[in-house]
Colleague: 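Have a look at this one.
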Amino acid sequence: ERLEPVAHLLFVDEQNLQVWSEIFDREMSDVFDVQREIASAVAGNLASTILESHAEGSTYEPDINAYQQFLYGREYVRARTPGWQAKAIGHFDRASEIDPAYAAPHAGRAVAALLPSQGSSPQDRWDTARRSIDAALALDPDDPDTLAANGLLLFQQGVLTDQDRLLEAEEVLRRALTLDPNVPDARVWLGSALIAQGRDEEGEAEYAAALELDPLDPRLATWVATRFKEQGNFDRAEEQLQYLLEQPRPSELVYRGLFFLYDEYGRHVELIAAGKERILVHAIPETEPYFYYAFLAYSYARIGMAEKAEYWQSRAESVPRVDLATRMRRAYIYRLQGRYNELAELLHKVLEETPQEFAQSGPFFQRGLGSSRIDMGDYAAGADLIESTFDIGGSIQGNFISLDFLQYSAWARQQLGNTGRAEELLTAIEERLLAQKEAGLAENPQILFVLAQNHLLKGDIDTALDT
């Protein structure tokens, strides 16, 4: 038997002009060869258009095979499927081998390095990324992909170490978009940098613009689900994420978005089922099980199933080098179970064995340590540590998790008799929560619980119950 497929390449506008067409007459047994032949023919006819579009922000025209390898690598970064990092870097390396003067693969390596991975500290990631970015800038200082990668690096440093870097990130990312306004990554990271400065409306406008450029980008589609979640629309958020999971090779970001959705709505049975499905259906490299296993451990701990929690946490810790996030997840489980002596021993060990990593870990882990100290009765030290990560005199930023940590500090101040400081913290939290509520972004159960808790700490029991 024979196959005779006809392939058409159309320019889609009002007239749907045909650019290319070809008939392939082949044996049925060659079906996979025919697929590859059609794909190669289409790619060849699109090559000049692709390169012309790619060159808008840069005067350099790369070798088409190098560009193809770059696109492969970028897709792995975008999708974040298991083992994505090594695969992405492999394609970027091949692109550089084919065309050593091509800057974008160096930028791609930088982005791959900057995204969190097992066993690497922020400083290690930044150092690796900086070397790749400098190499790319030396080849082409006006390459939009390189400027976007540099903006991501500055953004991360601004969030974790030096807030002035956020303004530098904004400047660099705006320059990238001036050179080429069609770089979704630059818009996403610019949006994040603006939100980190408290400019939520501007940041969300950048996200929306990026979504128009790439509606199936998992980061952006997950962001849409997050907005539904914050508006209290659980069904639409779940529907959006489940739709993304039905797409070929769904991104890790989608699974994580679903896990966080279930967590914030207290749907831990669904979360456990989704986590197990993720592990069973999609192979996870042995170096990357920590997130799923640790999240399952956390969920079992939340519903009081201690043995199951210990089983999955132990599996998360079975990798050669356990990262800080996984160790702190165990600390959280100890807190849930009231195992304060073991919690104290674990925190002492973490600080003793990884002082530099902890110091560079950013505010979340610092706040986690502070709240754990409060749990153990060290109110002053815990409150001081938590408050050191906030701009108390300015506008309090952060999601409900951040505000929950600050409530810990306010409660600790109350126990110390410092009611004035406690009132100052609770008022700042309330202002942030009410601003989110007015924007329609404070309707999910976790945020409402934090608001109710705030009223309770201020002594307004009736309003707490109403909330």
Side-chain angles (χ1 to χ4, degrees), residues 230 260 263-266 268 298 301-304 328-348 350-351 358 361-437 441-467:
E230 291 171 342
F260 289 127
D263 178 40
E264 291 184 28
Y265 276 78
H268 291 285
Y298 157 82
R302 288 291 297 269
I303 59 177
M328 292 301 290
R329 186 83 67 182
R330 178 173 284 281
Y332 185 76
I333 292 171
Y334 284 161
R335 286 179 58 197
L336 285 175
Q337 297 172 344
R339 297 160 64 180
Y340 295 120
N341 289 336
E342 291 164 278
L343 174 61
E345 291 175 9
L346 175 61
L347 293 175
H348 177 76
V350 168
L351 292 172
F358 195 88
S361 62
F364 181 78
F365 292 126
Q366 307 285 341
R367 293 165 186 171
L369 176 60
S371 61
S372 295
R373 285 181 169 166
I374 291 171
D375 281 333
M376 293 183 290
D378 193 354
Y379 299 141
D384 287 345
L385 184 54
I386 291 173
E387 291 171 33
S388 70
T389 67
F390 288 93
D391 179 14
I392 304 298
S395 176
I396 297 295
Q397 301 299 322
N399 60 14
F400 72 91
I401 299 174
S402 300
L403 300 178
D404 188 46
F405 281 128
L406 199 55
Q407 282 183 337
Y408 253 92
S409 185
W411 179 82
R413 296 298 183 195
Q414 288 179 339
Q415 307 315 301
L416 293 167
N418 192 345
T419 55
R421 180 60 167 175
E423 183 67 23
E424 180 185 0
L425 298 177
L426 294 172
T427 299
I429 294 167
E430 185 176 21
E431 289 175 356
R432 173 64 176 172
L433 287 169
L434 291 177
Q436 289 182 307
K437 193 170 178 63
L441 302 175
E443 296 301 326
N444 84 44
Q446 288 278 20
I447 297 176
L448 290 172
F449 175 75
V450 173
L451 182 57
Q453 195 167 250
N454 215 64
H455 291 310
L456 184 61
L457 288 168
K458 295 183 77 171
D460 190 346
I461 297 174
D462 290 338
T463 305
L465 290 172
D466 290 341
T467 303

Colleague: For Tyr298 and Tyr332, take the angle between the two ring planes, folded into 0 to 90°, and tell me which bin it lands in: parallel under 30, tilted 30 to 60, perpendicular over 60.
Modeller: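 Tyr298 and Tyr332: tilted rings.
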
Colleague: Any pair with a residue in residues 406-436 that passes ring-ring contact (aromatic ring centres under 6.0 Å, His included), sequence neighbours left out, goes on the list, sorted by first then second residue, please.
Modeller: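 Applying ring-ring contact (aromatic ring centres under 6.0 Å, His included) to every pair that reaches into residues 406-436, excluding sequence neighbours, yields Tyr379-Trp411.
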
Colleague: Heavy atoms only: give me the nearest Ala331-Leu346 pair and the separation to one decimal.
Modeller: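 Smallest heavy-atom distance, with atoms named: N-CD2, 3.5 Å.
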
Colleague: What is the minimum heavy-atom distance between Phe405 and Ser371, and which atoms define it?
Modeller: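 The pair with the smallest heavy-atom distance is CE2-OG, 3.5 Å.
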
Colleague: Just by distance, do the side chain of Gln414 and the backbone of Leu457 share a donor-acceptor pair under 3.5 Å?
Modeller: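 Such a contact is found between Gln414 side chain and Leu457 backbone.
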
Colleague: Please report the interatomic distance CG(Leu343) to CZ(Arg335), rounded to the nearest 0.5 Å.
Modeller: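 The distance works out to 7.5 Å.
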
Colleague: Any chance you could lay out the side-chain contact (heavy atoms from CB on, under 4.5 Å) test for Arg367 and Leu406, step after step, and finish with the verdict?
Modeller: CA-CA 8 Å; Arg367 293 165 186 171; Leu406 199 55; over 6 Å; no

Colleague: Under the side chain to side chain contact (heavy atoms under 4.5 Å, CB included) rule, collect the residues that match up with Ala452, sequence neighbours excluded.
Modeller: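 Listed in chain order: Thr467.
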
Colleague: Can you tell me how far the CD atom of Glu345 sits from the OH atom of Tyr334, to the nearest 0.5 Å?
Modeller: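 Those atoms lie 8.5 Å apart.
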
Colleague: Look up atom CZ in Arg339 and atom CD1 in Ile333, then write down how far apart they are to the nearest 0.5 Å.
Modeller: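 Interatomic distance, Arg339 CZ to Ile333 CD1, rounded to 0.5 Å: 8.5 Å.
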
Colleague: Donor-acceptor pair, distance only, cut-off 3.5 Å: does the side chain of Thr389 make one with the backbone of Ile386?
Modeller: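 Yes: the side chain of Thr389 pairs with the backbone of Ile386.
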
Colleague: With a 4.5 Å limit on heavy-atom distance, are the side chains of His455 and Glu430 in contact?
Modeller: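 Result yes, sub-4.5 Å side-chain heavy-atom pair found.
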
Colleague: What pair of heavy atoms forms the shortest contact from Leu347 to Ser372, and how long is it?
Modeller: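 In terms of heavy atoms, the two residues are closest at CD1-CB, 3.5 Å.
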
Colleague: So does Leu426 get a backbone contact from the side chain of Asn454, meaning a donor-acceptor N/O pair under 3.5 Å?
Modeller: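 Yes, because the side chain of Asn454 sits within donor-acceptor range (under 3.5 Å) of the backbone of Leu426.
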
Colleague: Within the distance-only criterion (no hydrogens, no angle test), does the side chain of Gln337 pair as donor or acceptor with the backbone N or O of Ala301 below 3.5 angstrom?
Modeller: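 No; zero donor-acceptor contacts below 3.5 Å.
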
Colleague: Between atom CD of Glu387 and atom CD of Gln366, what is the distance when rounded to the nearest 0.5 Å?
Modeller: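 Glu387 CD to Gln366 CD: 14.0 Å, rounded to 0.5 Å.
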
Colleague: Which heavy atom in Met328 sits nearest to a heavy atom in Gly368, and how many Å separate them?
Modeller: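 That closest heavy-atom pairing would be CE-C, 4.4 Å.
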
Colleague: Assess the residue pair Arg413 and Thr419 against the criterion (side-chain contact (heavy atoms from CB on, under 4.5 Å)); give the C-alpha distance rounded to whole Å, side-chain angles, the decisive distance to 0.1 Å, and a yes or no.
Modeller: CA-CA 7 Å; Arg413 296 298 183 195; Thr419 55; over 6 Å; no

Colleague: Considering all heavy atoms of both residues, which atom of Ala412 and which atom of Ile374 are nearest to each other, and what is their separation?
Modeller: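 In this case the closest contact between Ala412 and Ile374 is CB-CD1, 3.8 Å.
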
Colleague: If you count every heavy atom of other residues, nucleotides or ligands that lies below 6.0 Å from Tyr265 atom OH, does the total exceed 12?
Modeller: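 For Tyr265, atom OH is crowded (more than 12 foreign heavy atoms under 6.0 Å).
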
Colleague: So for atom CD1, which belongs to Ile461, do other residues, nucleotides or ligands contribute more than 12 heavy atoms lying within a distance under 6.0 Å?
Modeller: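 It does not: Ile461 CD1 has 12 such atoms or fewer within range.
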
Colleague: Which atom pair, heavy atoms only, marks the closest approach of Leu385 to Gly370?
Modeller: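 What the structure gives for the nearest pair is CD2-N, 3.7 Å.
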
Colleague: Should we count CG of Asp466 as having more than 12 external heavy atoms under 6.0 Å?
Modeller: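 Counting neighbours around CG of Asp466, more than 12 heavy atoms of other residues, nucleotides or ligands fall under 6.0 Å, so yes.
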
Colleague: So does Leu403 get a backbone contact from the side chain of Arg432, meaning a donor-acceptor N/O pair under 3.5 Å?
Modeller: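 Absent.
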
